[in-house]
Amino acid sequence: MDLKSNEPFWLLKNGLIASYPSMKSNEECDVLIIGGGITGSLIAHQMISDGYKTILIDKREICNGSTSATTSMLQYEIDVPLYELTEMIGEKGAVESYKACSEAIDTLEKLSKQIRSDAGFKRKKSLYFAAKKKDVKLLKEEYKARKNAGFNVKWLEAEQITEQFGFENTYGGILSKQGASIDAFKFAHELFEHNVKKGLKIFDKTEMTNVKYHKGFNLITTDSGYHIKAKKVIYCIGYESKNLLKENFVDLKSTFAIVSEIDDDKFKNISSTLVWNTDDPYIYMRTTDDGRLLIGGGDEDFNDAGKRDALLDKKEKEILKNLKKIKPDYHFYTDFVWAGTFGETKDGLPYIGEHKKFKNSYFVLGFGGNGITFSITGMEMASGFMKNKKHLLSEYFKFGR
């Protein structure tokens, strides 16, 4: 499965940061991580920190899957609104899921400082505005739910949004204090480099072709014919899990993004704010650390990579038309256009935990707009799984829920 189009901004901006060897001998480890994107980098960091002998493999170049196509918006808000999630799974699970995403942003900031990252982590507010007048009632209900749950939020009327951010034709919105952005592609590479120095082994262009389960370990066969004996396997394969797990637990969607030419002055009103709205599909935007505006949207069901990429021109026009509604006098000069694939679950939550058909194994699958923050929560959960400890969110993130 091709998880991105040919020209994601982050890959072109950063180039080939690092390359790792393919597997050329049999190996043995405590933990084998399958998947070398941002999720795999975070879980590998946790396993190395916990003292486990860890190996990571990826069938592509490291980070060249969906991590190179992500918009890297770090939000505590889940795609399913808090009031709606409360109706689906109860107040405790809903609030704790939102809080976990909020705490994940704090954790990522600490981790960024710890490894002296140069991936542009930046604290930002988050503006969630009503795209249509009819959306105001439910958006105010969402505001009330977040306020009651203790989140630092403020309601802005349409005039206040125009004054603060220069957006017209909105109908009010929620301004949250908690949010951030980063270059996830670069950050994942930095994490890998940091942990390779501490003993992490990475093999790219190495694909798992078979796994046999034994008491206390799994024996993994790779496409090169070599084997890895691992006490535990952690699958961090994101949307590729659709190929591995046959049940219908996630719907694949295509999303489209465009990045402008560099122009710091034009974007200064939102340089410290993540922006998204109530449209279906919603539009979302952020600035990059080199002074560009990144806008995404136009989501639709994923069929295949070829059909998705053939829509790039059409989707660019669609996104710019939506931008014109809120910035009628602004001309956007496109520099990059690309598409990526993401997963949408029925409740907006990830799948993190065990699967009955995969012994000695765990899955950390962050889906939706919170893939990165869910993966950070997955670090804590995976650490607990390895010690046979239960986690508060396991019940809400489990398979078969």
Donor-acceptor pair, side chain of D223 and main chain of E207, under 3.5 angstrom: yes
Modelled atom types, side-chain donor and acceptor of S126 and K124, under 3.5 Å: no
Listed partners of Y284 passing ring pair (Phe, Tyr, Trp, His ring centres under 6.0 Å), at least two apart: Y282
Inter-residue atom distance L32.CG - N218.CG, 0.5 Å rounding: 9.0 Å
Basic-acidic side-chain contact under 4.0 Å: E247, K357: no
Crowding at NZ, K389 (>12 non-hydrogen neighbours, <6.0 Å): no
D299/K315 ion pair, N-O < 4.0 Å: no
Salt bridge (Lys or Arg N to Asp or Glu O under 4.0 Å) evaluation trace for E240 with R60: CA-CA 12 Å; E240 298 262 17; R60 301 181 181 85; 2.7 Å; yes
Straight-line distance of I228 CD1 to I55 CD1, nearest 0.5 Å: 5.5 Å
Backbone of V259 reached by a side-chain donor or acceptor of D335 within 3.5 Å: no
Nearest heavy atoms of I43 and C236, plus distance in Å: CG1-SG, 3.7 Å
Point-to-point distance, once rounded to the nearest 0.5 Å, from CD1 of I115 to CG of N195: 8.0 Å
Sidechain-backbone polar pair: E316 side chain, I258 backbone, donor-acceptor under 3.5 Å: no
Option among K99, E103, R146 that satisfies the side-chain hydrogen bond (donor to acceptor under 3.5 Å, both in side chains) test with Y76: R146
Any donor-acceptor N/O pair, T162 side chain to F167 backbone, under 3.5 Å: yes
Proximity of F121 and F187 rings by center, below 6.0 Å: no
Result of checking K125, K122, R286 against S272 for side-chain contact (heavy atoms from CB on, under 4.5 Å): K122
Heavy atoms from other residues, nucleotides or ligands near CD of E261 exceed 12 (cutoff 6.0 Å): yes
Aromatic plane relationship, Y128 with W276 - under 30° parallel, 30 to 60° tilted, over 60° perpendicular: parallel
Positive for side-chain contact (heavy atoms from CB on, under 4.5 Å) with M73, one of N370, T373, L274: L274
Check: V250 and L245 side chains under 4.5 Å, non-hydrogen atoms: no
S25 vs E27, side chain to side chain contact (heavy atoms under 4.5 Å, CB included): CA-CA, chis, key distance, verdict: CA-CA 6 Å; S25 63; E27 298 285 344; 3.2 Å; yes
Distance-minimising heavy-atom pair for A184 and I372: CB-CD1, 3.7 Å
Cation-pi geometry met for R401 and Y351 (6.0 Å, 45°): yes
Cationic N near anionic O, under 4.0 Å, E141 to K137: no
Over 12 foreign heavy atoms within 6.0 Å of CD, E91: no
Results of side-chain hydrogen bond (donor to acceptor under 3.5 Å, both in side chains) for S224 - residues two or more places apart only: T222
More than 12 heavy atoms of other groups within 6.0 Å of E300 CD: yes
Side-chain ion pair, K231 and D30, N-O less than 4.0 Å: yes
Geometric class of the Y235/F363 ring pair [parallel <30°, tilted 30-60°, perpendicular >60°]: parallel
Test ring pair (Phe, Tyr, Trp, His ring centres under 6.0 Å) applied to H355 and F399, F249, Y362, the passing residue: F399
T86 side-chain N/O to L82 backbone N/O, donor-acceptor pair under 3.5 Å: yes
Pair K346 + D251: basic N to acidic O under 4.0 Å: no
Donor on one side chain, acceptor on other, K307 and S254, under 3.5 Å: no
Heavy atoms from other residues, nucleotides or ligands near NZ of K205 exceed 12 (cutoff 6.0 Å): no
Ring geometry between H214 and F217 (parallel below 30°, tilted from 30 to 60°, perpendicular above 60°): parallel
Exam field: side chain N277 to backbone I283, donor-acceptor pair closer than 3.5 Å: yes
Minimum heavy-atom distance between I182 and S72, given as atom pair plus value: O-CB, 2.7 Å
Neighbour count >12 (heavy atoms, 6.0 Å) for atom NZ, K144: no
